K.L.:
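The structure is given below, and queries will be raised subsequently.
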2 protein chains.
Amino acid sequence: MTEKRLTLLLDFHSGLPIYTQIVNQVQSQLANGMLKPGDQLPTVRALAEELRINFNTVARAYRILDEARIISTQQGRGTYITEIPPPETTEKLRRESLAELAQRFINEALRLGCSEREISRMVRDRLGRESNRSESGQVKK
Amino acid sequence: MTEKRLTLLLDFHSGLPIYTQIVNQVQSQLANGMLKPGDQLPTVRALAEELRINFNTVARAYRILDEARIISTQQGRGTYITEIPPPETTEKLRRESLAELAQRFINEALRLGCSEREISRMVRDRLGRESNRSESGQVKK
DNA sequence: ACACAATGATACAATTAGTACAATATAAAA
DNA sequence: TTTTATATTGTACTAATTGTATCATTGTGT
């Protein structure tokens with residue numbers, strides 16, 4: 001009954017593989033509470049149709065998440081968020097995702113001709129701005 | 001989905017290399033609005049067939065445009081006009097682009113559930129790795 | 001003849017899509 | 001209740017589409 005809508009936003013020009021984007025976004029939605037243990041994810045076909053992609057691409061993302069013990073896929077039954085997401089594996093996957101994001105950002109910045117100092121400083125700047133924002137108002141619900 | 005026709009006119013007697021002609025014409029079409037950020041260019045093979053040339057020549061043109069950050073090529077996906085198109089990097093534009101990149105990166109990282117410290121540290125990590133690599137490495141064209 | 005740049009040929013890797021199948025659930029039939 | 005049929009779900013393998021890498025060939029100038 002608890003079929004999540006699982007609103008995912010794909011960027012087909014980002015250079016990030018679609019299955020990676022799905023993995024990252026499911027992971028992040030679990031991290032920030034939009035998804036909870038026990039929740040059923042859309043079927044590979046349903047999500048594929050909604051995103052206008054092939055269901056194998058969804059299946060690939062689900063398989064990665066399954067191997068990371070984030071979700072539990074069962075043939076003929078469906079796909080669910082793991083009841084007890086092993087912290088160390090979610091942690092691992094999250095760090096990997098972060099590393100991927102970071103590397104990508106850095107590469108693009110470098111190609112833009114930015115110096116490392118510039119990049120580093122910009123990140124510090126923006127991070128500081130973020131923390132100010134969250135201090136003045138809770139976004140969580 | 002919106003595959004551009006990308007009408008290119010080659011002059012095989014101009015003495016100008018074909019790949020250079022492709023580079024120039026893509027650039028000018030981007031400049032005068034015939035091409036816009038996000039547009040997908042024809043595949044190397046499709047354009048090659050249309051122009052009756054080898055697809056490696058197209059690939060070479062695309063690679064040059066990619067290095068110039070005009071377009072973004074992704075193996076297995078396709079080739080697109082870069083979303084953030086300011087290679088005309090005045091200092092100001094470059095900083096704005098960097099800010100945009102950084103903000104996007106940070107937002108995604110936060111959505112992943114990463115802490116600010118984690119994000120900051122990951123960027124430092126990766127930047128350090130990058131500088132090691134470039135010590136032995138390549139200079140821009 | 002030689003050097004070098006441009007182009008072409010071939011093999012490869014990454015991503016996504018297509019097809020057939022197996023496991024499970026659900027409902028109908030006995 | 002048990003059995004059977006059908007639909008639903010994920011899986012496995014394969015194909016198609018994309019750009020990449022490397023080397024061979026061609027052509028031009030010295």
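Predicted model only: the values in this text are computed from it and were never measured. Chain identifiers are assigned alphabetically (A, B, ...) following the order of the sequence lines, protein sequences preceding nucleic acid strands; residue numbering begins at 1 within each chain.
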K.L.:
Between B:Thr79 and B:Thr73, is there a donor-acceptor pair closer than 3.5 Å when you use the side chain of the first and the backbone of the second?
P.N.:
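Not a single qualifying donor-acceptor pair exists.
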K.L.:
So, are A:Arg63 and A:Glu67 salt-bridged, with charged N and O less than 4.0 Å apart?
P.N.:
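A salt bridge is present here (some side-chain N lies under 4.0 Å from a carboxylate O).
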K.L.:
Using a 4.0 Å heavy-atom cut-off across all strands, classify A:Arg63 as base, sugar-phosphate, or nothing.
P.N.:
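Nothing: the residue A:Arg63, judged by heavy atoms under 4.0 Å, touches no strand.
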K.L.:
Hey, which of these two, B:Thr20 or B:Gly76, hits DNA chain C nearer its 5' end, going by closest nucleotide?
P.N.:
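Counting from the 5' end, the first nearest nucleotide belongs to B:Thr20.
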K.L.:
Would you mind reading off the distance between B:Glu67 atom CD and D:dT20 atom C1', rounded to a whole angstrom?
P.N.:
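These atoms are roughly 12 Å apart.
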K.L.:
Rounding to a whole Å, what distance do you find between A:Arg45:CZ and D:dG10:P?
P.N.:
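Atom CZ in A:Arg45 sits about 8 Å away from atom P in D:dG10.
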K.L.:
Mind calculating the distance between CD (B:Gln74) and C1' (C:dA14) to the nearest angstrom?
P.N.:
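From B:Gln74 CD to C:dA14 C1': 9 Å.
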K.L.:
Does OP1 or OP2 of D:dT9 have a side-chain N or O of A:Thr73 closer than 4.0 Å?
P.N.:
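False: A:Thr73 side-chain N/O out of range (4.0 Å or more) of D:dT9 OP1/OP2.
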K.L.:
Compare the minimum distances between each of D:dT9, C:dA14, D:dC13 and the side chain of A:Gln75, then state the nucleotide with the smallest one.
P.N.:
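Nearest listed nucleotide: D:dT9.
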K.L.:
Counting the atoms with a prime plus P, OP1 and OP2 as sugar-phosphate, which does B:Arg60 contact under 4.0 Å by heavy atoms, base, sugar-phosphate, or nothing?
P.N.:
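Answer is base: heavy atoms of B:Arg60 come under 4.0 Å of a base.
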K.L.:
Give me the atom names and distance for the closest heavy-atom approach of B:Ile119 to B:Ala109.
P.N.:
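Closest approach of B:Ile119 to B:Ala109: CD1-CB, 3.5 Å.
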K.L.:
Just compare C:dT10, C:dA20, C:dG8 and give me whichever is closest to any side-chain atom of B:Phe55.
P.N.:
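Between C:dT10, C:dA20, C:dG8, the one nearest the side chain of B:Phe55 would be C:dT10.
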K.L.:
Choosing from D:dT11, D:dG19, C:dT7, which nucleotide comes nearest the side chain of B:Pro17?
P.N.:
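Per side-chain heavy atoms of B:Pro17, the pick is C:dT7.
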K.L.:
Apply side chain to side chain contact (heavy atoms under 4.5 Å, CB included) to the pair A:Val123 and A:Phe105, showing each step before the final yes or no.
P.N.:
CA-CA 10 Å; A:Val123 170; A:Phe105 158 65; 3.6 Å; yes
K.L.:
Name the residue from B:Ile70, B:Leu35, B:Asn32 that meets the side-chain contact (heavy atoms from CB on, under 4.5 Å) definition with B:Gln27.
P.N.:
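The side-chain contact (heavy atoms from CB on, under 4.5 Å) with B:Gln27 is passed solely by B:Ile70 among B:Ile70, B:Leu35, B:Asn32.
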K.L.:
Would one find a side-chain N or O of B:Thr79 under 4.0 angstrom from OP1 or OP2 of D:dT18?
P.N.:
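Indeed not, no polar side-chain atom of B:Thr79 lies that close.
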K.L.:
Backbone N or O of A:Ser115 within a donor-acceptor pair of the A:Glu118 side chain at under 3.5 Å?
P.N.:
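Side chain of A:Glu118 to backbone of A:Ser115: a pair is present.
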K.L.:
Could you tell me how far apart B:Ile64 (CD1) and D:dG19 (P) are, to the nearest whole angstrom?
P.N.:
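The answer, rounded to whole Å, is 16 Å.
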K.L.:
Figure out the CD1/C1' separation between B:Ile71 and D:dT20, and round it to whole Å.
P.N.:
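To the nearest whole Å, that distance equals 14 Å.
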K.L.:
Using a cut-off of less than 4.0 Å, is there contact between a side-chain N or O of A:Arg77 and OP1 or OP2 of C:dA25?
P.N.:
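Answer yes for this pair, as a side-chain N or O of A:Arg77 is under 4.0 Å from OP1 or OP2.
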K.L.:
Can you measure A:Tyr62 atom OH to C:dT16 atom P for me and round it to whole angstrom units?
P.N.:
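So the OH-P distance, A:Tyr62 to C:dT16, works out to 16 Å.
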K.L.:
Whether B:Tyr19 contacts C:dT7 is assessed here as follows: a side-chain N or O lying under 4.0 Å from the phosphate OP1 or OP2. Is that the case?
P.N.:
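The answer is no; no side-chain N or O of B:Tyr19 sits under 4.0 Å from OP1 or OP2.
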K.L.:
Under 4.0 Å between a side-chain N/O of A:Asn54 and OP1 or OP2 of C:dG18, yes or no?
P.N.:
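The answer is yes; a side-chain N or O of A:Asn54 sits under 4.0 Å from OP1 or OP2.
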K.L.:
Starting the side chain at C-beta, find the nucleotide from D:dG10, C:dA9, C:dT16 nearest to A:Thr57.
P.N.:
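Nearest to the side-chain atoms of A:Thr57, counting from C-beta on, is C:dT16.
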K.L.:
Between B:Phe12 (CZ) and D:dT26 (P), how many Å, whole number?
P.N.:
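Rounded to the whole Å, the gap is 18 Å.
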K.L.:
Among C:dC21, D:dA12, C:dT7, which nucleotide sits nearest the side chain of A:Asn56?
P.N.:
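Among the listed nucleotides, the one closest to the side chain of A:Asn56 is D:dA12.
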K.L.:
In whole angstroms, how far is the P atom of D:dA12 from the CG atom of A:Asp66?
P.N.:
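My rounded result for the distance is 11 Å.
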